[in-house]
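The structure appears right after this line, and notes come after that.
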Amino acid sequence: MKTFTSTGVVKKFPQKGGWTYVPITQTYQDLGGKPKWGLVPATITLGATTWKKSLLPFGDGTLFVALNDKVRKAEGVSVGDTVTISFKI
């Protein structure tokens, strides 16, 4: 497994029920290529919280990590905060 680190601003998709997420700075090329379906399975860490999920594509070649309510509450993270995450793939 290789570990990556990325810092970004927490955002929320504007539509009703939109996900809260943080864009990552790495591209598919940085991660070793694009998987068949575009999802990159990863072990993600934000602060003291670690979970398994996929890095998700925006559709333009960039990726993001969805931050569910449980993770945001555990880490005290809100939209607009700058956070650093690490992930292993």
Side-chain angles (χ1 to χ4, degrees):
M1 290 189 126
K2 189 168 181 182
T3 301
F4 298 87
T5 302
S6 185
T7 300
V9 176
V10 177
K11 300 180 180 189
K12 186 170 184 166
F13 288 114
Q15 67 272 24
K16 183 176 181 178
W19 290 357
T20 303
Y21 67 94
V22 61
I24 63 168
T25 54
Q26 291 81 4
T27 65
Y28 284 122
Q29 289 149 338
D30 298 327
L31 304 177
K34 183 178 180 180
K36 184 175 181 179
W37 301 107
L39 306 177
V40 180
T43 301
I44 304 162
T45 301
L46 172 62
T49 306
T50 299
W51 69 102
K52 291 186 178 185
K53 210 64 170 171
S54 291
L55 307 178
L56 303 165
F58 276 115
D60 63 358
T62 60
L63 300 159
F64 68 93
V65 172
L67 300 176
N68 66 32
D69 192 50
K70 183 177 177 181
V71 171
R72 293 192 317 272
K73 284 183 178 178
E75 296 302 323
V77 172
S78 299
V79 172
D81 292 347
T82 299
V83 298
T84 298
I85 60 168
S86 64
F87 54 94
K88 294 180 184 179
I89 60 168

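Computation of the quantities below employed the complete heavy-atom set of this structure, encompassing side-chain atoms and omitting hydrogens, waters and symmetry-equivalent molecules. Remember, it's a predicted structure, so these values are computed and weren't measured experimentally.
Remark: Gln15 CD is packed, more than 12 non-hydrogen atoms of other residues, nucleotides or ligands lying under 6.0 Å away.
The side-chain heavy atoms of Thr45 and Ile85, taken from C-beta on, include no pair separated by under 4.5 Å. You'll find the side chain of Val10 stays beyond 4.5 Å of the side chain of Ser78, heavy atoms only. Between Thr43 and Met1 the shortest side-chain heavy-atom distance falls below 4.5 Å. With a 4.5 Å cut-off on side-chain heavy atoms, Ile44 and Val71 do not count as touching.
Apart from Leu39 itself, the hydrophobic cluster it occupies contains Phe13, Trp19, Tyr21, Leu56, Phe58, Phe64, where clustering links Ile, Leu, Val, Met, Phe, Trp and Tyr at side-chain heavy-atom distances under 4.5 Å.
Of all heavy-atom pairs spanning Phe87 and Leu31, the tightest one is CE1-CD2, 3.8 Å. Scanning both residues, Ile89 and Ala42, for their nearest heavy atoms gives CG2-CB, 3.7 Å. The two residues Val9 and Val22 come nearest to each other via the heavy atoms O-CG2, 4.0 Å. Shown here for Ala74 and Thr49, the closest heavy-atom pair between the two residues is CB-OG1, 3.7 Å. Contact detail for Lys12 and Gly18: the closest heavy-atom pair is CE-O, 3.1 Å. Heavy-atom minimum distance, Pro57 versus Tyr28: CB-OH, 3.2 Å.
Between the side chain of Thr25 and the main chain of Ser6, no donor-acceptor pair closer than 3.5 Å is present. In this structure, Gln26 contributes its side chain and Phe4 its backbone to no donor-acceptor pair below 3.5 Å.
Inspection of the Ser86 and Thr5 side chains reveals no N or O donor paired with an N or O acceptor under 3.5 Å.
One distance of note links NZ of Lys73 with CG of Leu67; it measures 14.0 Å at 0.5 Å rounding.
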